[in-house]
Amino acid sequence: MQLLAANQVAIERGERRLLAGVDLSVSSGDIWQLVGANGVGKTSLLRAVGGLARLGVAGEITRHGTMLYLGHHAALKRNLSALDNLRFHPACDVICSDEDIISALAAVALAGYEDRPIGALSAGQQRRVALARLVLSSASLWLLDEPFTALDVDGCAWLEERIKQHVAAEGAVIFTSHQPSRFGELQQNLDLAAYVV
């Protein structure tokens, strides 16, 4: 099932056109990595296909099903606990019970950290709190901007496995990363260098 189609998409930031003529079709079971140098427009394109950026976006983008966007920054309130951040964050597209959130935090190896303020956690632990949203969400298409940032080896392994489980269950993922391919033949790359203006 097709979850997203982008046809002849162009991206401008400020007065500068970054990309033009981008075509992308994402179906259930797909893993797409947006690749390219710093500043090429990976995050801008990811936000555009998710409907989070409309100004400076041209072309046709069609979305089917629900999406979850996790940005490069964790989008967490430092003074709130992990539990409160996940309870109140708008990215959770379902109403989460405390029990669900506690279970999600345990899944990302943060059992016992539910009531700690985000500001007291390391960068890697903060990233894990943000990634707990993947456990809580029922969205079919995940848009992940640099999701492996600040994760240790175990955290990267957990995220890789979670992505594989998601696409095996008819979901799909588009992500950005400066790291090499993690998913072998499951992964397709969209090299944005081909669309730079």
Side-chain angles (χ1 to χ4, degrees), residues 26 29-36 38 42-43 46-47 50 52 66-94 96-190:
V26 181
D30 285 353
I31 300 174
W32 280 92
Q33 181 176 350
L34 305 181
V35 298
N38 288 334
K42 297 183 298 294
T43 296
L46 194 67
R47 290 178 56 81
L52 300 173
T66 55
M67 296 185 186
L68 174 68
Y69 175 85
L70 294 183
H72 176 67
H73 299 290
L76 300 169
K77 301 290 186 187
R78 293 181 55 81
N79 294 331
L80 294 180
S81 68
L83 184 66
D84 284 341
N85 267 280
L86 295 175
R87 184 187 287 138
F88 298 123
H89 196 281
C92 290
D93 57 352
V94 295
C96 304
S97 69
D98 286 359
E99 292 76 19
D100 288 340
I101 295 169
I102 290 167
S103 177
L105 288 169
V108 296
L110 289 179
Y113 289 78
E114 300 85 4
D115 296 318
R116 291 202 190 168
I118 291 297
L121 302 180
S122 72
Q125 289 170 327
Q126 291 179 31
R127 174 63 58 181
R128 286 173 184 259
V129 172
L131 291 173
R133 295 178 182 130
L134 300 179
V135 178
L136 297 169
S137 176
S138 61
S140 53
L141 178 58
W142 293 350
L143 307 174
L144 310 178
D145 193 9
E146 296 287 345
F148 295 96
T149 298
L151 290 179
D152 58 17
V153 172
D154 290 341
C156 288
W158 178 87
L159 180 55
E160 288 175 21
E161 185 57 31
R162 185 72 184 134
I163 288 173
K164 288 176 183 176
Q165 291 170 359
H166 182 63
V167 298
E170 300 301 310
V173 177
I174 307 172
F175 75 102
T176 69
S177 179
H178 290 289
Q179 300 177 18
S181 169
R182 294 178 171 275
F183 300 101
E185 61 187 26
L186 293 176
Q187 178 177 312
Q188 301 174 73
N189 291 335
L190 183 66

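A 4.5 Å side-chain heavy-atom check between Asp145 and Leu70 finds every atom pair outside the cut-off. Side-chain contact between Asp98 and Arg87 is present, with at least one heavy-atom pair separated by less than 4.5 Å. No side-chain heavy atom of Glu146 sits under 4.5 Å from any side-chain heavy atom of Arg127. Using a 4.5 Å heavy-atom cutoff, the side chains of Leu144 and Ile174 are not in contact. Between His166 and Trp142, some side-chain heavy-atom pair lies under the 4.5 Å cut-off. Contact of the Asp30 side chain with the Val167 side chain is not registered, since no non-hydrogen atoms from C-beta on lie closer than 4.5 Å. For the pair Val129 and Leu105, the minimum side-chain heavy-atom distance is below 4.5 Å. Arg128 places a side-chain heavy atom less than 4.5 Å from the side chain of Asp154.
Here the closest non-hydrogen pair linking Arg182 and Gln187 is N-OE1, 3.6 Å. Between Ala74 and Ala130, the shortest heavy-atom contact is O-CB, 3.8 Å. In terms of heavy-atom proximity, Leu86 sits nearest to Ala132 at CD1-CB, 3.8 Å. Across all their heavy atoms, Trp32 and Asn189 have their closest contact at CZ3-O, 3.7 Å. Scanning both residues, Leu68 and Arg133, for their nearest heavy atoms gives CD2-O, 3.9 Å. Here the closest heavy-atom approach between residue Ile102 and residue Leu83 is recorded as CG1-CD1, 4.3 Å.
Leu159 is linked by a side-chain contact (heavy atoms from CB on, under 4.5 Å) to Leu131, Leu134, Pro147, Phe148, Leu151, Ile163, counting only residues two or more places apart in sequence or in another chain.
We find the CD1-CD distance between Ile101 and Glu114 to be 10.0 Å, quoted to the nearest 0.5 Å. Rounded to the nearest 0.5 Å, atoms CD (Gln33) and NE2 (His178) are 9.5 Å apart. Atom CD of Gln188 sits about 13.0 Å away from atom CZ of Phe183, to the nearest 0.5 Å. The distance from the CD atom of Gln165 to the CD atom of Glu160 is 12.0 Å, given to the nearest 0.5 Å.
The backbone N or O of Thr66 sits less than 3.5 Å from a side-chain atom of Ser140, completing a donor-acceptor pair. No donor-acceptor pair closer than 3.5 Å links the side chain of Lys77 to the backbone N or O of Asn85. Between the side chain of Gln125 and the backbone N or O of Ser122 there is at least one donor-acceptor pair closer than 3.5 Å.
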Run the side-chain contact (heavy atoms from CB on, under 4.5 Å) check on Val135 and Arg162 step by step: do they pass? CA-CA 8 Å; Val135 178; Arg162 185 72 184 134; 4.1 Å; yes

Between Phe175 and Leu34, does a side-chain contact (heavy atoms from CB on, under 4.5 Å) hold up when you go through it step by step? CA-CA 6 Å; Phe175 75 102; Leu34 305 181; over 6 Å; no

Could you walk me through whether Gln126 and Arg78 pass the side-chain contact (heavy atoms from CB on, under 4.5 Å) check? CA-CA 9 Å; Gln126 291 179 31; Arg78 293 181 55 81; 4.0 Å; yes

Worked verdict on Ser81 versus Arg116 for side-chain contact (heavy atoms from CB on, under 4.5 Å): CA-CA 5 Å; Ser81 68; Arg116 291 202 190 168; over 6 Å; no

